[in-house]
Amino acid sequence: MMNIKIKDAFQNGKALIAFVTGGDPDIETTEKLLPAMEEAGADLIEIGIPFSDPIAEGVVIQEANERALSKGCTTDHLFDMVKRVRESGKVTVPIVYLTYANPIYTYGKEKFMAKCEECGINGIIVPDVPFEEKNEFLAEATAHNVDIISMIAPTSEDRIIKIAKEAKGFLYVVSSLGVTGVRSKITTDIDSMISLVRKASDIPAAIGFGISTPDQAANMAQKSDGAIVGSAIVKIIGQYGKDCIPYVQEYIKSLKEAVRSEELVEKVS
């Protein structure tokens, strides 16, 4: 398997991180979508493992989970699909899974992390496991070169420095309280969160939750090392189903252009 590291996503400037729910609308479409997303400009791809109780997700991603599960998508189907796109050389950017504690326990911690390594998954995001409990999976993840991606939220406050010091891969900065979903405005004081991170570590920090327009993506990328876009992509997939690929590509291209134009503004100023 190719020697890909999460930090590679941030080597060429501001990163665009794009999320899809695996198996939505079906596993074949996801398999075609991943290389199309990389081609359109995604620097890192986040794949949600469909789960019946995704507590961090809003309606858009909940419905995508239901669609994927109703088509019979399992964790093993996703592993096999990722392995195929990795071995074919079609996807060379880092890939992380977004999942919950329950599916990892059900699969078996050691087996899950070993499978991640075998298939080319570089990291995992587990929203229902707080930083203080990451040791639940840390030994197995470390043994198989899988980064556990830490999250910080507006409520993390005095924990931000501590979390940033120990973070691996990249730091997921949650822009807003509540579940994932498209927001018309992001009002959190992101700047102060990022400045605390910078005091503690030089780990890349990317902002997610609520980013849906190119302007929002550019604004968040200006404040950090990258923007994470999920619900807005999943919404397009929900709308167009198996025909979603050109629409997702066009949208990702517009986001990437915005993120990169922000970077050019920074260089000039």
Are any non-hydrogen side-chain atoms of I49 and F51 less than 4.5 angstrom apart? no
Once rounded to the nearest 0.5 Å, what's the spacing between atom CD1 of I160 and atom CZ of F131? 12.0 Å
Are V96 and I6 close enough, and set up right, to give a side chain to side chain contact (heavy atoms under 4.5 Å, CB included), and what steps lead you there? CA-CA 8 Å; V96 301; I6 287 176; 3.7 Å; yes
If you measure only the distance, is there a donor-acceptor pair under 3.5 Å linking the side chains of S212 and Q216? yes
A side-chain contact here means heavy atoms from C-beta on lying under 4.5 Å apart; do I237 and V248 qualify? yes
Validation: residues 103-115 side-chain donor-acceptor distances under 3.5 Å, sequence neighbours left out:
from	atom 1	to	atom 2	distance (Å)
Y105	OH	E136	OE1	2.4
T106	OG1	N102	O	2.7
T106	OG1	N102	OD1	3.2
Y107	OH	D76	OD1	2.5
K109	NZ	E136	O	2.8
E110	OE2	H144	NE2	2.7

Rounded to the nearest 0.5 Å, what separates atom OG in S70 from atom CD in E63? 11.5 Å
What verdict does the side chain to side chain contact (heavy atoms under 4.5 Å, CB included) test give for F79 and C116, after you've listed the backbone C-alpha separation in whole Å, the side-chain angles of each residue and the deciding distance to 0.1 Å? CA-CA 7 Å; F79 274 130; C116 283; 3.9 Å; yes
Minimum heavy-atom distance A218-A258, with the two atoms named: CB-O, 3.4 Å
Where do L34 and M81 land on the side chain to side chain contact (heavy atoms under 4.5 Å, CB included) test, with the steps shown first? CA-CA 10 Å; L34 300 184; M81 182 271 294; 3.7 Å; yes
At what distance, to the nearest 0.5 angstrom, does CE of M37 lie from OG1 of T30? 9.5 Å
Could you walk me through whether I252 and Q249 pass the side chain to side chain contact (heavy atoms under 4.5 Å, CB included) check? CA-CA 5 Å; I252 288 176; Q249 273 199 304; 6.0 Å; no
Got a donor-acceptor contact below 3.5 angstrom from the T29 side chain to the P25 backbone? no
If only atom types and distance count, is the side chain of D8 paired as donor or acceptor with the main-chain N or O of I4 below 3.5 Å? no
Which heavy-atom pair separates A227 from A217 by the least distance, and what is that distance? CB-O, 3.8 Å
Value rounded to 0.5 Å, distance of CD1 in I95 from CD in E38: 8.5 Å
Donor-acceptor pair, side chain of S201 and main chain of V197, under 3.5 angstrom: no
Could you state whether I47 and L69 fall into the same hydrophobic cluster, counting links through intermediate Ile, Leu, Val, Met, Phe, Trp or Tyr residues with side-chain heavy atoms under 4.5 angstrom apart? no
Compare all side-chain heavy atoms of N12 with those of D43 and state whether any distance is below 4.5 angstrom. no
By salt bridge (Lys or Arg N to Asp or Glu O under 4.0 Å), which residues pair with E166, not counting sequence neighbours? K134
Can you check whether F209 reaches V173 side chain to side chain, under 4.5 Å on heavy atoms? no
About how many Å separate CG of N145 and CD1 of I121, when rounded to the nearest 0.5 Å? 13.5 Å
Any donor-acceptor pair under 3.5 Å linking the side chain of K256 with the backbone of G41? yes
Any side-chain heavy atom of F19 within less than 4.5 Å of one from I45? no
From the list V259, I228, I207, side chain to side chain contact (heavy atoms under 4.5 Å, CB included) with M220 holds only for I207
Taking T74 for the side chain and H77 for the main chain, is one N or O donor matched with an acceptor at less than 3.5 Å? yes
Using the rule that Ile, Leu, Val, Met, Phe, Trp and Tyr join whenever any side-chain heavy atoms are under 4.5 Å apart, tell me whether L16 and I245 fall into a single cluster. yes
How long is the span from the CG atom in L255 to the OG1 atom in T213, to the nearest 0.5 Å? 8.0 Å
What are the two closest non-hydrogen atoms of G120 and N122, and how far apart are they? O-OD1, 3.6 Å
Taking C-beta and beyond as the side chain, do Y97 and V146 meet within less than 4.5 Å on heavy atoms? no
With a 4.0 Å cut-off, would you call D225 and K14 a salt bridge? no
If you compare all heavy atoms of S224 against all heavy atoms of A206, which two are closest, and at what distance to 0.1 Å? OG-CA, 4.3 Å
Measure across C73 and G22 and return the closest heavy-atom pair with its distance rounded to 0.1 Å. SG-O, 3.8 Å
Indicate yes or no for a side-chain donor-acceptor contact from T21 to the backbone of N65 under 3.5 Å, with no hydrogens or angles considered. no
Side-chain contact, heavy-atom cut-off 4.5 Å: V20 with L33? yes
For residues I152 and L171, determine if any side-chain heavy atom of one lies less than 4.5 Å from a side-chain heavy atom of the other. yes
Closest non-hydrogen atoms of K235 and V60, given as atom of the first, atom of the second and distance, are N-CG1, 3.8 Å
